Amino acid sequence: MSDLQTIELPDIGDIDEVEVIEVLVSEGDSIAPEQSLVTVESDKASMEIPAPMAGTVTSVLVKTGDKISMGSHLLVVDAAAAAVSDTQATANVAETSSSTEQDTSVTADTAAAGRQTDESYQLVVIGAGPGGYTAAFRAADLGMNVLLIERYPVLGGVCLNVGCIPSKALLHTAQIINEASDMADHGISFGEPQIDLDKLRGFKEGVISQLTGGLAGLAKQRKVTVAHGVAKFTSPNSLSIDEGETTREVGFENAIIAAGSQSIQIPGFPYDDPRLIDSSGALELEDIPERLLIIGGGIIGLEMGCVYDALGSKVTVVELSKELIPGADRDLVRPLERRLKKRFEKILLGTRVSSITANDKGLVAGFTAANNDDAGSDTFDRILLAVGRSPNGNKLDAEKAGVAVDERGFISVDNQQRTNVSHIFAIGDVVGQPMLAHKATHEGKTAAEVAAGHKAWFDPMTIPSVAYTDPEVAWMGLTETEALAKSIPFEKASFPWAASGRALSIARNEGITKVLYDPESKRILGAGMTGPNAGELIAEAVLALEMGADIEDISLTVHPHPTLSETFNFA
Ligand code: FAD
């Protein structure tokens with residue numbers, strides 16, 4: 001029985017037409033999901049189009065030089081041959097890596113558990129976010145036979161699909177809208193922005209698909225096998241992959257858990273109402289609500305607030321604690337808070353949303369003050385819930401592998417990213433705070449190197465944090481709040497951007513740069529910056545900390561003038 005399916009060119013963002021520059025498969029080839037089929041090129045970029053399913057190619061419908069657009073037919077594939085092609089693809093991987101000592105073959109008997117498996121790998125990685133794909137690629141570069149498992153059809157995890165990247169694409173738009181409007185004070189008026197939401201969404205989707213498509217190509221180049229399905233452990237050396245219609249049993253010598261996190265939900269809210277959204281819903285940009293309530297004044301909530309404010313929504317933020325961005329020093333957050341107070345409709349601190357009810361006019365949020373007094377209610381067109389993220393550690397049947405998961409879903413690891421089961425590693429959001437992509441990637445690299453037998457440790461002196469709000473807030477190392485709480489001796493130097501020529505020339509003098517240093521050795525202990533591009537500027541401070549620089553090293557380092565980077569030197 002054959003199951004012929006036509007593979008079409010998918011949506012590749014706001015590009016109308018692309019040219020086929022290479023056809024990577026021929027008639028009769030067995031293909032695996034995510035295997036690159038054709039390479040296409042536009043005036044902006046080239047990308048490889050991945051196979052949406054496994055099967056055997058029965059006809060190739062394009063050739064080099066063809067101009068094609070979304071929906072154009074690329075190939076016909078017999079998907080019924082998928083089982084055969086899966087086995088062949090795995091066999092190919094085993095063949096290409098047969099030179100490595102630890103290599104194992106298809107249909108291995110997983111020794112430790114005694115379970116019969118369909119295939120076996122030196123390393124399986126669960127989750128293809130920034131932690132997982134970095135780990136898989138690094139391990140493959142080190143010669144390991146790697147399977148990368150992702151439950152969604154595209155690679156990239158939260159960061160590329162519904163996190164860092166789409167939010168920054170929209171924040172860039174917000175920044176341009178605000179800068180254009182601010183130009184009126186300089187005598188330059190552009191008029192009201194005309195917002196084409198479909199086109200803006202298309203731009204954001206294009207950025208995502210360029211990056212996720214690139215990952216599929218990188219996986220292929222490195223001969224990393226990719227499986228799409230939900231992975232769950234069945235023993236310390238095996239797991240099952242639920243691919244929908246079929247379930248595969250896979251054996252492994254090492255595993256890396258990179259399963260990430262998901263938005264926290266507050267019980268009792270009407271989640272079946274599409275007007276109640278999380279950050280992924282907010283990034284979908286379905287409409288521009290007239291009044292938007294954001295529950296949570298942390299980084300994600302405020303970034304989305306900046307986007308919707310610039311697009312024209314009246315934004316209210318409600319935050320349970322007494323301050324925005326809890327955890328960051330107050331002097332750094334203050335300039336942001338001052339600006340947001342002017343731009344947003346309301347900022348309610350020390351307040352929580354205790355109820356949400358839906359009616360035809362909108363969602364009615366009931367507020368409760370910190371002392372439990374009723375703080376009234378208000379109606380909004382949409383409500384964005386951004387109260388944090390919880391790890392996915394307890395969705396993996398980890399106990400079947402003997403891996404300890406705490407009651408919140410976090411998995412503890414040592415500084416080599418090993419869990420309590422020494423050949424199973426965990427990285428990224430699932431191992432704890434800070435839940436940031438750059439922490440996940442560095443942990444992924446460490447785990448892969450250790451799994452490959454290298455001596456590697458994850459022991460950075462700091463993981464920098466950035467709120468890409470307007471203005472940006474960035475900090476690293478010791479914070480003043482932490483130093484005071486733990487009685488760590490420090491001295492502080494700060495430089496207000498009102499005295500920076502560059503800050504004045506871009507009319508953004510509200511910023512601040514501060515440095516904390518050891519009173520004896522004068523070594524840098526921590527630093528923070530608030531202002532445009534603070535997220536870029538903080539990297540110098542991170543390097544200074546890692547290199548053990550003291551404040552004289554910074555002051556003797558010639559910084560270009562006039563730049564915002566000078567503020568670190570001036571401080
Ligand atoms: P994830 O990216 O969460 O990836 C985990 C992957 O595992 C997912 O693709 C998931 O589908 C898959 N998975 C889970 N369980 C299974 C299973 N059983 N089987 C198969 N697959 C599974 N961080 C920054 O550093 N900078 C930012 O600017 C930033 N902005 C953000 C903005 C938003 C709106 C959000 C929500 C987050 C943002 N983050 C940012 C955080 C960042 O996205 C995460 O820290 C990062 O993605 C974590 O990477 P990870 O590899 O641990 O997990």
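Heads up: numbering here begins at 1 and tracks the sequence. Treat the numbers as computed from the prediction; the structure is a model and nothing was measured. Every number for a ligand or one of its atoms is a count from 1 in the order of the listing.
Near G131, meaning under 4.0 Å from any of its heavy atoms, are these atoms of ligand 1: 51 (O). Less than 4.0 angstrom separates some heavy atom of M435 from each of these atoms of ligand 1: 41 (C), 45 (O). Taking every non-hydrogen atom of L396 and a distance limit under 4.0 Å, the qualifying atoms of ligand 1 come out as 18 (N). Interface of S279 with ligand 1, defined as ligand atoms under 4.0 Å from a residue heavy atom, comprises 34 (C), 36 (C). Taking a cut-off of under 4.0 Å to the non-hydrogen atoms of R389, the atoms of ligand 1 that pass are 36 (C). Against a heavy-atom cut-off of under 4.0 Å, A440 is close to the following atoms of ligand 1: 49 (O), 52 (O). Atoms of ligand 1 lying under 4.0 Å from any heavy atom of C159, numbered from 1 in the order shown and given with element: 2 (O), 43 (O), 47 (O). Those atoms of ligand 1 with a heavy atom of V230 less than 4.0 angstrom away are 18 (N), 19 (N).
For ligand 1, the polar-atom distance check against A437 finds a nitrogen or oxygen pair separated by under 3.5 Å. Where the criterion is an N or O separation shorter than 3.5 Å, residue side chain and backbone included, D429 meets it with respect to ligand 1. Distances between N or O atoms of L436 and those of ligand 1 include at least one value under 3.5 Å.
Contacts between S261 and ligand 1, counted as non-hydrogen atom pairs separated by less than 4.0 Å, involve the backbone only. Within the 4.0 Å heavy-atom criterion, neither part of V466 lies near ligand 1. Contacts between S167 and ligand 1, counted as non-hydrogen atom pairs separated by less than 4.0 Å, involve the side chain only. The proximity of A258 to ligand 1, defined as any non-hydrogen pair under 4.0 Å, is limited to the backbone.
Compare K168, E150, M304 by their heavy atoms: the one nearest to atom 30 (N) of ligand 1 is in K168. Proximity annotation for atom 2 (O) of ligand 1: of V158, V154, L148, V158 comes nearest, heavy atoms only. Compare A467, P130, G260, A426 by their heavy atoms: the one nearest to atom 53 (O) of ligand 1 is in G260. Nearest residue to atom 42 (C) of ligand 1 from C164, A227, G163 is C164 (criterion: closest heavy atom).
Side chain of R389 to backbone of S261: a donor-acceptor contact under 3.5 angstrom is found. Between the side chain of N161 and the backbone N or O of L155, at least one donor-acceptor pair lies under 3.5 Å. Remark: the backbone N or O of T234 is not paired with any side-chain donor or acceptor of D397 at under 3.5 angstrom. A donor-acceptor pair under 3.5 Å links the side-chain atoms of T134 to the main chain of P130, judged by distance alone. R275 contributes no side-chain N or O that, together with a main-chain N or O of I383, makes up a donor-acceptor pair within less than 3.5 Å. A donor-acceptor pair under 3.5 Å links the side-chain atoms of R201 to the main chain of L285, judged by distance alone. Between the side chain of N392 and the backbone N or O of A259 there is at least one donor-acceptor pair closer than 3.5 Å.
Under a 4.0 angstrom heavy-atom cut-off, I241 registers as lying outside contact with ligand 1. Residue Q262 places every heavy atom at 4.0 Å or more from ligand 1. Contact between G229 and ligand 1 is present, with at least one heavy atom of the residue lying under 4.0 Å from the ligand.
Distance CD1/I195 to CG/L200: 8.0 Å, rounded to 0.5 Å.
Taking the six-membered ring where tryptophan is involved, the planes of F233 and F252 are perpendicular, since the angle between them exceeds 60° and thus also 30°.
No hydrogens or angles considered: a donor-acceptor pair under 3.5 Å links the side chains of E319 and S321. For the 3.5 Å distance criterion, the side chains of E540 and S565 fail to qualify, holding no donor opposite an acceptor. Side chains of W497 and T513: a donor on one and an acceptor on the other come within 3.5 Å.
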request  = Go through the steps to decide whether K514 and D329 satisfy the test salt bridge (charged side-chain N to carboxylate O under 4.0 Å, His left out), and finish with yes or no.
outcome  = CA-CA 10 Å; K514 77 165 174 183; D329 282 345; 2.7 Å; yes
